[in-house]
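All ligand and atom numbering here is 1-based and tracks the order in the structure. As a basis for the values below, the full set of heavy atoms in this structure was taken, side chains included, without hydrogen atoms, waters or symmetry mates.
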Amino acid sequence: MSSLVIHDLHVSIGDKPIVKGLSLTVNSGEVHAIMGPNGTGKSTLAKVIAGHPDYTVTGGDVLLDGRSVLAQEADERARAGLFLAFQYPSEIPGVSIANFLRAAVQARLPEGEEIDATAYYKRLYAKMDLLKIDRKFTSRAVNEGFSGGEKKRCEILQMAMLEPKMAVMDETDSGLDIDALRIVSDGVNALRGPGLGVLMITHYQRLLNHIVPDFVHVMYDGRIVKSGDKSLALDLESRGYDWVKQELAALPA
Ligand code: ADP
Ligand code: MG
């Protein structure tokens, strides 16, 4: 059983506060969705969890299985079991997906331990079958000339091979055409299970028709202002975010 605990997190970019006291716990086996209007700090949250250097944590903590990850480098966080969908190089000409993934898996082995090539390919092909990915795909160079959908396929395959405890995915507006949307949702659905927690950040209620979340959170002005189950995502689709803002405004200060 794994947990990702975000505790009263405050984040600034320069001296501008962006995340303003956000708390959230994701346990393994759970899929949480964070939705919210543009500019509310969703991607900032994802990048801080990933260890992006532009963001300053001014308060609070992020803990994986009870240990703070904030002082860890991005690759240390990955080795601890965090998967961050965008931390990987966007294009690596001349390096096949199969070799890239092999290096990524090798990097996570203990010092001095060598990957077993036969076992590696067996596992790779099993994951590709699970995700319905064509064998030819892994001989292509990483992201070189890829469509949005192929980039997503590569990302989901990385996630399948690294077997993280927690995956944080920021599905921004770009690259999510129908094809990419289906690849992400089929992939997450194939990988979800008792050993994996998912924090899915999205703008698109539509994505949540395919990946049915256990919990939905609304982020507004750097905080989670409302949490619920999947029906909250449907309410947001039909009513937008204004009613959430009005509810907030009606609360006593
Ligand atoms: P969301 O993903 O919810 O749309 P972001 O986290 O991308 O929101 O942005 C939150 C706020 O932080 C916005 O006001 C945005 O302009 C600002 N911001 C994000 N990244 C940077 C950056 N690298 N430099 C300066 N301001 C930024
Ligand atoms: Mg964003």
Side-chain angles (χ1 to χ4, degrees), residues 4 6-24 26 31-62 69-70 73-74 77 82-90 143 148-149 151-152 155-156 159 166-178 180-181 183-185 187-188 198-211 213 215-228 232-233 235-237 239-249:
L4 178 68
I6 304 166
H7 176 67
D8 194 26
L9 188 69
H10 292 255
V11 181
S12 292
I13 303 174
D15 48 19
K16 187 181 169 204
I18 307 288
V19 176
K20 303 171 184 172
L22 185 142
S23 296
L24 178 66
V26 180
V31 175
H32 291 244
I34 295 186
M35 306 179 73
N38 247 324
T40 215
K42 301 184 299 298
S43 295
T44 301
L45 173 68
K47 285 177 181 160
V48 163
I49 298 173
H52 196 290
D54 287 358
Y55 302 83
T56 313
V57 174
T58 56
D61 211 342
V62 178
V69 302
L70 292 179
E73 298 293 333
R77 298 181 194 205
L82 264 179
F83 178 84
L84 302 133
F86 41 65
Q87 77 178 68
Y88 297 94
S90 41
N143 285 341
K151 281 187 182 162
K152 289 293 164 189
E155 195 172 273
I156 291 288
M159 183 166 144
M166 289 286 157
V168 178
M169 312 179 79
D170 185 11
E171 297 305 342
T172 50
D173 314 18
S174 56
L176 268 196
D177 54 22
I178 296 292
L181 186 94
I183 289 162
V184 170
S185 48
V188 170
V198 178
L199 181 57
M200 171 70 64
I201 298 172
T202 184
H203 219 74
Y204 281 119
Q205 195 280 328
R206 195 160 68 123
L207 183 65
L208 304 182
N209 291 334
H210 300 280
I211 302 172
F215 302 92
V216 174
H217 310 277
V218 181
M219 187 167 172
Y220 179 68
D221 193 23
R223 295 181 191 93
I224 301 231
V225 295
K226 203 170 183 61
S227 295
L232 179 56
D235 284 353
L236 291 168
E237 187 184 35
R239 299 168 70 191
Y241 290 105
D242 284 350
W243 64 281
V244 177
K245 295 182 204 173
Q246 280 156 14
E247 270 188 18
L248 279 177

**Q** As an exercise, state the distance from CD1 of Ile34 to CG of Leu199, rounded to the nearest 0.5 Å.
**A** 4.5 Å
**Q** Please find out if the Mg ion (ligand 2) and some N, O or S atom of Ser43 are separated by less than 2.8 Å.
**A** yes
**Q** Once rounded to the nearest 0.5 Å, what's the spacing between atom CD1 of Ile18 and atom OG1 of Thr44?
**A** 5.5 Å
**Q** Under 4.0 Å from ligand 1, counting heavy atoms only, is it the side chain of Thr40, its backbone, both or neither?
**A** both
**Q** Report the part of Lys16 (side chain from C-beta onward, or backbone N, CA, C, O) that has a heavy atom under 4.0 Å from ligand 1; answer both or neither where that applies.
**A** side chain
**Q** Does ligand 1 have a heavy atom under 4.0 Å from the side chain of Tyr220, from its backbone, from both, or from neither?
**A** neither
**Q** Does Asn38 approach ligand 1 within less than 4.0 angstrom via side chain, backbone, both or neither, non-hydrogen atoms only?
**A** both
**Q** For ligand 1, which atoms sit closer than 4.0 Å to a heavy atom of Lys42?
**A** 1 (P), 2 (O), 3 (O), 4 (O), 6 (O), 8 (O)
**Q** Suppose we measure from atom 19 (C) of ligand 1 to each protein heavy atom; which comes out shortest, and what is that distance?
**A** Ile13 CD1, 3.5 Å
**Q** Is the closest heavy atom of Gly36 to ligand 1 under 4.0 Å?
**A** no
**Q** For Ile201 and Ala46, work out which heavy atoms get closest and say how close.
**A** CD1-CB, 3.7 Å
**Q** Nearest non-hydrogen contact with atom 9 (O) of ligand 1 belongs to which option: Asp54, Thr202, Thr44?
**A** Thr44
**Q** Quickly, which of Ile49, Thr58, Asp61, Leu45 forms a side-chain contact (heavy atoms from CB on, under 4.5 Å) with Leu9? Name it, please.
**A** Leu45
**Q** Working to the nearest 0.5 Å, report the span between CD1 of Ile156 and CD1 of Ile183.
**A** 9.0 Å
**Q** Measure the CD1-NZ distance between Ile13 and Lys47 for me, rounded to the nearest 0.5 Å.
**A** 8.0 Å
**Q** Below the 3.5 angstrom mark, is there an N/O of Gly41, backbone or side chain, next to an N/O of ligand 1?
**A** yes
**Q** Who's the nearest protein heavy-atom neighbour of atom 23 (N) of ligand 1, and how far?
**A** Tyr55 OH, 4.0 Å
**Q** Looking only at protein heavy atoms, which one is nearest to atom 12 (O) of ligand 1, and how far off is it?
**A** Ile18 CD1, 3.1 Å
**Q** Which atoms form the tightest heavy-atom contact between Ile224 and Ser23, and what is the distance?
**A** CG1-O, 4.3 Å
**Q** Students often mix this up, so state it plainly: with edges at 30° and 60°, are the rings of His52 and Tyr55 parallel, tilted or perpendicular?
**A** perpendicular
**Q** State the CE-NZ distance between Met169 and Lys152, to the nearest 0.5 angstrom.
**A** 6.5 Å
**Q** Can you check which of Ser12, Ser43, Gly39 brings a heavy atom nearest to atom 4 (O) of ligand 1?
**A** Gly39
